[in-house]
K.L.:
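I am attaching a structure below and will ask some questions about it afterwards.
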Number of protein chains: 2
Amino acid sequence: MTNIQDIARLAGVSTATVSRVINKRGYVSALTKQKVLEIIKKLDYVPNANAISLKKGKTRQIGIITTLFSPIIIQFVRTFSLIAEKNRFNITLFITNGDPAKEILALEMLRGKQLDGIACLIRSNTWEVIESYTRYGPIVTWQRLQNEHLPSVFMDQFHAYQVGLEHLYAKGYRKILSVYPMSQGLNTKERIRAYSEFAQRYHLITDIFPHFEDKMLVQDGEELATWWLSQKYRPDAIFCANDEVAAGLMTSLKRLGFSIPGDVGILGFDNTEVAHLLDLTTINYPIDQQAENAFFILQNKLNNTSHLLNTLTYKLVERKST
Amino acid sequence: MTNIQDIARLAGVSTATVSRVINKRGYVSALTKQKVLEIIKKLDYVPNANAISLKKGKTRQIGIITTLFSPIIIQFVRTFSLIAEKNRFNITLFITNGDPAKEILALEMLRGKQLDGIACLIRSNTWEVIESYTRYGPIVTWQRLQNEHLPSVFMDQFHAYQVGLEHLYAKGYRKILSVYPMSQGLNTKERIRAYSEFAQRYHLITDIFPHFEDKMLVQDGEELATWWLSQKYRPDAIFCANDEVAAGLMTSLKRLGFSIPGDVGILGFDNTEVAHLLDLTTINYPIDQQAENAFFILQNKLNNTSHLLNTLTYKLVERKST
DNA sequence: GCTTGACATGTAATGCATTACATAAACTAC
DNA sequence: GTAGTTTATGTAATGCATTACATGTCAAGC
């Protein structure tokens, strides 16, 4: 392979000059520049990226620890990649699928200087373990409360859930079933808190319906429809963990001949594509802004800049299911 | 940062010995080994990945040029990542979204030795341009016919489409509408060929219905439902470009009160999750096997091995929509 | 005529790990 | 006791680009 030495020799200059030409830094005469570029072209030369990374101690490579599981997380990856590429960073993808060892492998690459930073969307190890890697490079997380050492683009869903519940109340629903996502997630905790606060405020009874957690898939929604059908005393509105659950529930009930929102109101969460498609009322989750913020946080730490973050707001998107 | 020299100095040995300990190669006495490992642990040392890559001329990094657009392509990425990680390769993701410049950037990284190989799932540049990069490292493609220099895991869909059509014929359908994906794709061409061969064989008239191409989304299926409804002379079966189109079509028609397959038979393609969910008859697309093959092809070229490829077969998956 | 600054280019150290080759001790075998 | 083998470790070149520092030319300004 041709290297910078070859170019320097053939152009009759030093490697420093070649480097100056390539990186457009410092003084180079027009004539020299032209000659160097000519030789570069003739020999089809490209600088070896590994040598540059070694010298600079930077790779312009950012890792994403994730799954490619739910639409919302895929959208995060998409937007994050887009903004990273715009800033000349590449993305290394770690689909860990809950394997702690794979996650460690990714974190070790930060230690081994193969990554400049990491966006950790899901995790299998404890936060303490992940936090311990922050001394090797910036790590930004999702789905976690703000923390001094481990920044996060997480957003408290307490208020968003209140907005949703208020909307249902305003529409006249009083027998509201709330369905929650991951049982151990912070989201679930905050949503439960919002619900009980809401129930208390309006003097609603909360324990008439079973407690549904870990509902995140279309299929979960379909099962929910079966449950709903089997009940004598039915909720008049269901606040679903996300749009996928809402979609499964909605299409199943419609298939059975029920009308939405006539027979039961359905409220989604996230505002993913399926909500648009099915005309589902939902809460917009500002995932693109979060993905951008995640990148900005890494970039700020990397360059010691302070690019302003997007302000995040949840917004009710009223469509036709409530 | 501590490097191998520091370890060597503190352990009172040469860097060669430290390297031997780390890589478990060559002879090292038990005592020396223990001492070196001790120092490594004490100083929290990890080898610099960039130095290794520079020396070896390999990065164990494979690029995927893709979108994260359709379920089938996401599944490819998922499976490919899985098998790559199992073989200690990392994935660099290039979401090019049809931008030729971004694609070139990825290909240039192969040239700059930052990638050991590339899986090109979609492309924006001509095949010639992509092929010209094969001299810098192995590239495997999707959606292309086999070619000497540019291997592909593409699979001729002519036969698969025949199987689908035969199935519809056997079920008694005679007025079959065929809906095609990307207008310029090879798939579309082969499917059209299969359809006209089929029509000729059974003496069916082919030009009663309009020619639908570029139909790939749920929304396309929904629009198809509107079209179907508006027709006096309707097809009795629709062979959709993929499961997403079929899903959109099917749910729309059911919503309008039609029964599937009572009023119209629907046949999907790909056998993605939505087909399972909606009980859609479809053709299984062996995407996981293709993803594995893509990796095996790269690996074989990289190591000069000849890992056997999966044999690929399409299979009709009969469910309840035909 | 001398100083100063802009322009141009080169020298050589640096980042870090790998490995071919060399050296040498210890052991085996006849 | 000598030749051959196994074990153990070191030396130094190698992969490649960057950059601080040094050197030198030329023109402008007083």
K.L.:
Could you check how far CG of A:Asp6 sits from P of D:dT14, rounded to whole Å?
P.N.:
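That distance rounds to 14 Å.
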
K.L.:
Quick check on DNA chain D: between B:Ile52 and B:Val13, whose nearest nucleotide comes earlier from the 5' end?
P.N.:
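Per heavy-atom nearest nucleotide, the more 5' residue is B:Val13.
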
K.L.:
Grab the OH-C1' distance between A:Tyr27 and C:dA6 for me, whole Å please.
P.N.:
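So the two atoms are 5 Å apart, to the nearest Å.
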
K.L.:
In whole angstroms, how far is the P atom of C:dA17 from the NZ atom of B:Lys56?
P.N.:
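In whole Å, C:dA17 P lies 13 Å from B:Lys56 NZ.
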
K.L.:
Give the rounded distance in Å between these two atoms: CD of B:Gln5 and P of C:dT18.
P.N.:
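Going from B:Gln5 (CD) to C:dT18 (P), I get 11 Å.
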
K.L.:
Quick one: do the B:Gln61 and B:Asp116 side chains pair a donor with an acceptor below 3.5 Å?
P.N.:
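Per modelled atom types, B:Gln61 and B:Asp116 side chains form no pair under 3.5 Å.
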
K.L.:
Quick check for you: among D:dG10, D:dT9, C:dT18, whose closest atom lies nearest to any side-chain atom of B:Ala16?
P.N.:
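Selected nucleotide: D:dG10.
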
K.L.:
Write down the atom of A:Asn90, the atom of B:Met109, and the distance for their closest heavy-atom approach.
P.N.:
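In terms of heavy atoms, the two residues are closest at OD1-SD, 3.3 Å.
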
K.L.:
Would you kindly give the NZ-to-C1' distance between A:Lys55 and D:dA17, to the nearest whole Å?
P.N.:
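In whole Å, D:dA17 C1' lies 8 Å from A:Lys55 NZ.
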
K.L.:
Nearest whole angstrom, please: distance from the C1' of D:dT18 to the CG of A:Asn48.
P.N.:
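After rounding, the gap between these two atoms is 13 Å.
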
K.L.:
Starting at atom CD1 of B:Ile40, determine the distance to atom P of C:dC16, rounded to an integer number of angstrom.
P.N.:
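Going from B:Ile40 (CD1) to C:dC16 (P), I get 15 Å.
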
K.L.:
Between B:Thr32 and A:Ile4, name the one whose nearest nucleotide on DNA chain D is closer to the 5' end.
P.N.:
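Its nearest nucleotide lies further toward 5', so the answer is B:Thr32.
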
K.L.:
Does either side chain, that of B:Thr67 or that of B:Asn97, offer a donor lying less than 3.5 Å from an acceptor on the other one?
P.N.:
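The criterion, which ignores hydrogens and geometry beyond distance, is not satisfied for B:Asn97 and B:Thr67.
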
K.L.:
Can you tell me how far C1' of D:dC16 sits from CG of A:Asn23, to the nearest Å?
P.N.:
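Roughly 13 Å, once rounded to whole Å.
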
K.L.:
Given 3.5 Å as the limit, does a donor-acceptor pair link the side chain of B:Ser19 with the main chain of B:Thr15, or not?
P.N.:
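Not confirmed, B:Ser19 side chain does not pair with B:Thr15 backbone.
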
